[in-house]
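Below is one structure; the comments refer to it alone.
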Amino acid sequence: MKTELPQLWIITHSASDDLLSRFGASPRSDWLQGIYFLPIGLKAAIIAINKLPRTPETLWLRIFGKCGTQQRLNDCWVSFLNPTYEFS
């Protein structure tokens, strides 16, 4: 019986292209922008909060971002109060 290893999720407020390339991290087309997978044997991925799309689905992760990301969260909170609000 093959045992599936757990996935390690590294959550960071930002990740430069240089940092991602040093770790061999790359995006996958079937995942959101801002999520980068390390080589398969490591069973790990990096979530760059500042590169996540601004959608309600990423709201709880983006709360952990730095000042600029958190400031943009105000738009998200407004959207909960105003259902006609559109994300930019």
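Computed from a predicted structure; not experimentally measured.
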Exercise. Pairs in or reaching into residues 24-46: which pass salt bridge (charged side-chain N to carboxylate O under 4.0 Å, His left out), with residues at least two apart or in two chains?
Worked result: Glu4-Lys43
Exercise. Under a 4.5 Å side-chain heavy-atom rule over Ile, Leu, Val, Met, Phe, Trp and Tyr, are Ile10 and Ile47 clustered together?
Worked result: no
Exercise. Closest approach of Ala48 and Tyr36, non-hydrogen atoms and distance?
Worked result: CB-CE1, 4.2 Å
Problem set entry | All side chain to side chain contact (heavy atoms under 4.5 Å, CB included) counterparts of Thr12, not counting sequence neighbours | Ala15, Ile46
For this session: List the atom of Ala25, the atom of Leu38, and the distance in Å for their closest heavy-atom pair.
Result: CB-CD1, 3.9 Å
Exercise. How are the rings of Phe37 and Trp9 set relative to one another: parallel (under 30°), tilted (30 to 60°) or perpendicular (over 60°)?
Worked result: perpendicular
Exercise. Is it true that Leu20 and Leu8 fall in one hydrophobic cluster, defined by side-chain heavy atoms closer than 4.5 Å?
Worked result: yes
For this session: Kindly write out the residues that satisfy side chain to side chain contact (heavy atoms under 4.5 Å, CB included) with Pro53, not counting sequence neighbours, or none if the list is empty.
Result: Leu32, Gln33, Thr55, Thr58
Exercise. What pairs meet the salt bridge (charged side-chain N to carboxylate O under 4.0 Å, His left out) rule with one or both residues in residues 44-53, with sequence neighbours excluded?
Worked result: Asp17-Lys51
Problem set entry | Contacts of Gln7 that satisfy side chain to side chain donor-acceptor pair (under 3.5 Å) - sequence neighbours left out | none
Seminar exercise, completed: Value for CD1 (Ile35) from CD1 (Ile49), rounded to nearest 0.5 Å, stands at 11.0 Å
